[in-house]
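Computed from a predicted structure; not experimentally measured. What's counted below: heavy atoms across the whole structure, side chains too, no hydrogens, waters or symmetry copies. Numbers for residues simply follow the sequence, beginning at 1.
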Amino acid sequence: MIVNSMENLTPADRFILLGLTSTPYLQELCVLLILIIYIVTIAGNLLLIIVVGTSVQLQTPMYFFLCNLSIIDICFSSTIVPKLLINTVAHDKSISLFGCALQMFFHLALGCTECMILAAMAYDRYAAICKPLHYYKLMNKRVCICLASGSWAVSLINSAIHVVFTFQLPFCRSNHLNHFFCEIPPFLYISCRDTWFNEVAMYISASLIGIGSLSLTLISYVYIVLTILNMCSAEGKMKAFSTCASHLTVVLLYFVTLFFMYLHPHSDYYPETSKMVSLIYTVVTPMLNPIIYSIRNKEVKSSIKNKLAIETF
């Protein structure tokens, strides 16, 4: 009896990802829509990286952070979507423990890095709009590199810690995950041990990195809005407000969905709702970022037109 109990407590070697839906025609629709979104995500972000990398006029702090964001979005989406598409159409929906841990590690690392890069971008816009005379002093090359590298380093360390904590849990309830990728909340749900330590660690990380980044972003935008209100030109105000509104919409969409997943008790875990929420921040937001932040930008549009004109000649 004791032996059987111990065997039940051993970690699972493979996990079954149940995916978005089990209804055949919905599976086909999901594959088509997600594939289109994925192609747009990769194309949009790659285009931005190429344009910024080959345009001298775009070698500024803002575009440095935008390139970081595009790299994150390409990797973030590629960590989730290919496996999701394969699992949706394949008969074998299993993933190895190592593969699951690897997916979780990169998903967490990239998600946290995006939080901090978005905050750095908001600070960059604050410096450019509110402190224009000191902009290149506040956002010099060394500061930009430190902000970006610091974001990546903190996120990688944080991710490694959570992956280790998660896979030390025994999963004796089931090896079936009612989700479309390896994310922490579903693992807490299937564990047969008290997960309070993992939850506390998750809340601390989400608060420090998530809420901290969002707070810095919102504070930066409050100062930006106050500066905009002092502008004399009504046209300038409208343009600036339009840009800020679109930026904040994407930022809030990302952070709100992220907080829903990581700041509510796992006892209140609702698989179907959680899958839809996760889909927004892992699949939809990476597609929206290059459109909202860059392709609507006149400088980027001008650079693309110049490149096309050169190619034509």
Once you round to the nearest 0.5 Å, how far does [atom1] of [X] lie from [atom2] of [Y]?
{"X": "Cys130", "Y": "Asn230", "atom1": "SG", "atom2": "CG", "value": "9.5 Å"}
{"X": "Met121", "Y": "Leu66", "atom1": "CE", "atom2": "CG", "value": "4.0 Å"}
{"X": "Ile42", "Y": "Ile37", "atom1": "CD1", "atom2": "CD1", "value": "12.5 Å"}
{"X": "Ser70", "Y": "Phe65", "atom1": "OG", "atom2": "CZ", "value": "13.5 Å"}
{"X": "Asn175", "Y": "Ile95", "atom1": "CG", "atom2": "CD1", "value": "12.5 Å"}

Expected list for residues 79-90: side-chain donor-acceptor pairs under 3.5 angstrom, two or more places apart:
residue, atom, partner, partner atom, Å
Thr79, OG1, Cys75, O, 2.6
Thr88, OG1, Leu84, O, 2.6

> Going by distance alone, is a donor N or O of one side chain under 3.5 Å from an acceptor N or O of the other, for Gln59 and Tyr63?
Replying inline: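 There is no such pair (donor and acceptor under 3.5 Å, judged by atom type) between the side chains of Gln59 and Tyr63.
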
> When hydrophobic residues are tied together by side-chain contacts of less than 4.5 Å, even through go-betweens, does Phe259 share a cluster with Leu252?
Replying inline: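 Yes, same cluster.
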
> Do Ile161 and Met261 sit in the same hydrophobic cluster, where Ile, Leu, Val, Met, Phe, Trp and Tyr count as joined when their side-chain heavy atoms come under 4.5 Å apart?
Replying inline: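 Each belongs to a different hydrophobic cluster.
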
>> Over 60° means perpendicular and under 30° means parallel, so tell me whether His162 and Phe165 are parallel, tilted or perpendicular.
In response: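 Perpendicular: the ring planes of His162 and Phe165 meet at over 60°.
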
> What residues form a ring pair (Phe, Tyr, Trp, His ring centres under 6.0 Å) with Tyr136, not counting sequence neighbours?
Replying inline: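 Ring pair (Phe, Tyr, Trp, His ring centres under 6.0 Å) list for Tyr136, sorted by chain: empty.
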
> Do the side chains of Tyr221 and Leu248 get nearer than 4.5 Å, heavy atoms only?
Replying inline: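 Yes, their side chains come closer than 4.5 Å.
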
>> Less than 4.5 Å apart, side chain to side chain, heavy atoms only: is that true for Phe255 and Ser213?
In response: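 A side-chain contact under 4.5 Å exists here.
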
>> Show every salt bridge (charged side-chain N to carboxylate O under 4.0 Å, His left out) that has at least one partner inside residues 271-282, sequence neighbours left out.
In response: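 Found Glu272-Lys275.
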
>> So which atom in Leu110 and which in Ile72 form the shortest heavy-atom distance, rounded to 0.1 Å?
In response: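 Smallest heavy-atom distance, with atoms named: O-CG2, 3.5 Å.
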
> Any chance CZ of Phe260 has more than 12 other-residue heavy atoms, nucleotides or ligands included, within less than 6.0 Å?
Replying inline: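 Result for CZ/Phe260: enclosed.
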
>> Please check this pair: side chain of Asn158 against backbone of Val154, looking for a donor-acceptor N/O pair closer than 3.5 Å.
In response: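 Judged by distance alone, no pair lies under 3.5 Å.
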
